[in-house]
Amino acid sequence: MKQTISILVENHAGVLSRISGLFARRGFNIDSLAVGITDDPTVSRVTIVVNGDDYMVEQVEKQLNKLIDVIKLRRLPAGDTVSRELMLVKVACSPKTRSEIMDIVRVMDARVSDISCETLTIEHSDTADRLEILCELLKPYQVLEIVRTGTIALEKGGSVIRV
Amino acid sequence: MRMTAAQAMAECLQREAVPVVFGLPGAAICPFYDALSQTEIRHILVRQEQNAAHAASGYARISGRPGVCIATSGPGALNLITGIATAYMDSIPLVVITGQVVSDLLGRDVFQEADITGSCEPFVKHSYLVKRAEDIPRIFKEAFHIASTGRNGPVLIDVPMDVQKAELDFAYPEKAEIRSYKPSSQGHPGQIKRVLAALKEAERPLICAGGGVFSAKAEEELRVFSERSGIPVVTTMMGISSIPPQYPRNLGMIGMHGAPSANRAMNAADLLLLIGARVGDRAIMSPMGLSQSATIIHIDIDPAEIGKNMGTDIPLVGDARQILLQLLEKLDSPPVPDWTAEYRPASPVQPVPVKEGCVCAKAVMASLFRQAEEDAVLAADVGQNQIWSARGYRLARGRFLTSGGMGTMGYSIPAAYGAKLAAPERQVIAVCGDGSFQMQMMELATLCANRIPVKMLVMNNGRLGMVRELQDLHYGGRQAGVLLDGNPDFAKLAEAYGIRARTLSNASEIDRCVQELLESDVPFLLECRIDPAEPTL
Ligand SMILES: Cc1ncc(C[n+]2csc(CCOP(=O)(O)OP(=O)(O)O)c2C)c(N)n1
Ligand SMILES: [Mg+2]
């Protein structure tokens with residue numbers, strides 16, 4: 001089962017390698033990892049999506065909590081989060097296929113962020129599942145490059161994680 | 001006060017009241033060594049850095065304070081790793097200080113550069129690569145705090161050469177303020193209640209005490225709790241000496257090499273109270289079965305250990321001593337009736353017949369424990385010698401030290417002299433094999449140079465005995481790489497260092513030789529000729 005863990009960490013060098021090293025070392029499966037600074041410049045927020053049973057996720061949480069740089073950690077309640085991932089896709093196009101691709105972009109609520117004679121670069125931010133659908137729809141065309149950020153998420157409603 | 005970072009590092013050690021450090025210098029740590037030499041702190045020059053970490057570990061385990069070890073950049077730091085990992089596995093507090101190449105050259109593979117914070121990541125509780133001289137006081141304060149609170153462990157401080165030379169205004173913080181590190185020591189009152197309720201239900205409760213009892217300095221509370229509740233105790237290897245062997249409710253050591261009666265008691269228990277024991281695979285070989293047959297209560301300072309290797313019914317996070325005190329305060333049920341009649345340890349380990357020219361290792365141990373002072377410290381190495389020591393252990397107020405988690409050969413002698421420096425008034429004995437002795441024999445020089453009267457027993461069976469036995473049992477007796485041909489004459493070797501020595505090869509001389517070893521007030525080595533066929537158990 002996929003679970004999302006949100007972690008507030010000290011914003012300094014080496015923290016990310018400690019976190020990722022721990023996953024590798026203990027054989028935890030990591031689906032995605034995203035990190036960025038918060039409104040407090042001394043704090044970064046890491047969002048990790050792991051794939052495993054309750055035992056594994058609990059172990060992940062406990063081991064992460066042991067890292068001195070980890071300030072706070074919480075498993076986000078499944079189904080009760082706003083979660084987003086950003087994806088950029090560069091697709092080859094011809095004058096003939098361009099409008100077809102543009103249709104898909106419109107239907108999916110995505111955007112074209114760059115255009116050239118032979119390519120379209122599509123930008124889309126949505127849940128990981130919806131990004132999959134977009135990828136699927138673009139498959140018949142020649143996808144040249146894909147880059148994704150990894151999921152970031154916040155719990156719905158009033159609940160917050162702060163230092 | 002204005003000073004260099006190197007001076008500040010030495011000053012920090014003095015503020016932490018560190019009397020002794022273990023290390024071996026090189027260019028990248030020279031500024032610090034220079035500053036250290038201007039202090040009262042005693043420096044023990046080891047002959048290989050791994051031993052500095054082991055010695056600091058022995059020192060820490062007996063003094064209850066973090067042990068400090070030092071190495072230079074690159075190879076010096078790398079030699080420390082086995083020692084650091086050994087301490088990490090046994091939750092021993094160390095503050096490890098390494099020199100590093102000049103900051104500007106980091107990452108360029110210059111002479112003697114090694115990414116030691118990176119390499120040690122899996123084996124340290126925390127590490128610092130110091131970037132600015134002014135951070136030194138805070139980092140040292142934090143390092144000592146982190147190493148010796150919560151679940152103890154090694155903390156590494158890597159200091160580039162240029163940072164050591166830079167200046168700062170020195171002010172030592174009163175307290176370490178780390179917002180992300182607040183270990184809890186008190187047990188949750190609700191969980192304490194649940195434990196007491198479960199104890200009332202149990203008919204055959206059993207305590208399993210591990211090394212965490214020492215970390216929490218909870219030996220006294222453990223005994224009192226066992227007495228008042230009537231609950232008998234087994235220990236892991238790391239827990240040996242946390243409760244006296246003579247204590248009537250002590251059923252002995254469990255595990256792969258433990259007493260069969262103690263293992264049977266574990267299986268018979270209907271409630272198991274794990275105290276500072278992490279359910280390592282050598283101690284508890286079938287945790288699944290146990291968690292089905294008994295209610296499991298797991299007391300540990302590290303929440304991550306609870307439920308890691310064994311299903312737990314009642315988790316209780318906190319310091320073992322605090323929790324035992326909390327339990328004692330609320331304990332109101334009468335002592336449980338003794339259920340252990342069938343699980344008493346058989347009479348002390350019996351000597352076995354051995355071939356001519358050899359002595360029985362078990363008989364040597366029996367003599368040693370009969371004659372040693374009751375508060376002696378025994379550091380056992382790894383191999384058959386370790387199990388002979390563990391199973392023979394009989395010191396009423398003594399202390400058993402060994403590398404339990406990592407099983408690192410070469411631990412005993414440096415750990416023993418570290419322990420001796422922490423408790424000069426106690427007898428300190430190192431027991432090792434002929435194989436493990438040769439992984440640390442350079443330390444004979446350290447003993448001589450510093451006149452540290454450690455008593456050494458080398459159990460010479462001409463083999464990597466424990467592995468030989470494994471090959472006999474599971475590999476059709478084909479002996480691969482276990483014959484220690486080329487062994488020196490151990491007594492002569494010791495004498496070459498000016499260390500007194502004897503060779504013991506005759507049963508009738510056991511008591512007299514052991515007596516001579518124990519009475520010596522200088523370092524002494526007793527080589528015991530052991531029958532290669534003598535089994536571990
Ligand atoms: C550093 C290290 N290398 C290898 C081993 C594997 N090992 C475990 S016991 C043992 C034999 C030790 O031989 P010796 O010190 O002579 O002790 P004995 O078993 O003969 O008493 C070995 C090689 C180890 N534990 N540590
Ligand atoms: Mg041997």
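Quick note on labels: first sequence line is chain A, next is B, and so on, each numbered from 1.
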Open item on the list: Which atoms of A:N65 are under 4.5 Å from chain B, going by heavy atoms: the side chain, the backbone, both sets, or neither?
Closed with: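 For A:N65, neither part sits under 4.5 Å from chain B.
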Task: A:V163 portion near chain B, given a 4.5 angstrom heavy-atom threshold - done: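 Only the side chain of A:V163 comes within 4.5 Å of chain B.
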If you look at every heavy atom in [X] and [Y], which pair is closest and at what distance?
{"X": "A:K62", "Y": "B:P303", "answer": "NZ-O, 3.1 Å"}
{"X": "A:A13", "Y": "B:K131", "answer": "CB-NZ, 4.5 Å"}
{"X": "B:A304", "Y": "A:Q63", "answer": "CB-NE2, 3.7 Å"}
{"X": "A:R25", "Y": "B:P122", "answer": "CD-CB, 3.3 Å"}
{"X": "A:E10", "Y": "B:S180", "answer": "OE2-OG, 4.2 Å"}

TODO: Name the region of B:I146, side chain, backbone, both or neither, that has any atom closer than 4.5 Å to a heavy atom of chain A.
DONE: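 Looking at B:I146, just its side chain touches chain A.
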Open item on the list: Please classify the contact between B:S127 and chain A as side chain, backbone, both or neither, with a heavy-atom cut-off of under 4.5 Å.
Closed with: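 For B:S127, the contact with chain A is made by backbone and side chain together.
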Open item on the list: Please determine whether side chain to side chain contact (heavy atoms under 4.5 Å, CB included) holds for the pair B:H126 and A:R18, giving the CA-CA distance in whole Å, both sets of side-chain angles, and the decisive distance to 0.1 Å.
Closed with: CA-CA 10 Å; B:H126 196 50; A:R18 283 187 178 136; 3.3 Å; yes
Task: Nearest-0.5 Å distance that lies between atom CD1 in B:I178 and atom CD1 in A:I71 - done: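 Atom-to-atom, B:I178:CD1 and A:I71:CD1 are 12.0 Å apart.
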Using a 6.0 Å cut-off, check whether atom [atom1] of [X] has over 12 heavy atoms from anything other than its own residue.
{"X": "B:M288", "atom1": "CE", "answer": "no"}
{"X": "B:K182", "atom1": "NZ", "answer": "yes"}
{"X": "B:R65", "atom1": "CZ", "answer": "yes"}

- [ ] Go through the steps to decide whether A:S17 and B:E121 satisfy the test side chain to side chain contact (heavy atoms under 4.5 Å, CB included), and finish with yes or no.
- [x] CA-CA 9 Å; A:S17 86; B:E121 186 50 43; 5.7 Å; no
Open item on the list: With a 3.5 Å distance limit and no angle check, can you tell me whether A:Y55 reaches the backbone of B:K308 through a side-chain donor-acceptor pair?
Closed with: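 Answer holds: yes.
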Open item on the list: Quick check against the 3.5 Å criterion: does A:K66 have a side-chain atom that pairs as donor or acceptor with the backbone of B:D302?
Closed with: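 Side chain of A:K66 to backbone of B:D302: no pair is present.
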Task: Best-contacting candidate, A:V9, A:L8, A:L67, A:I68, against chain B by heavy atom pairs under 4.5 angstrom - done: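 Heavy-atom pair counts peak at A:I68.
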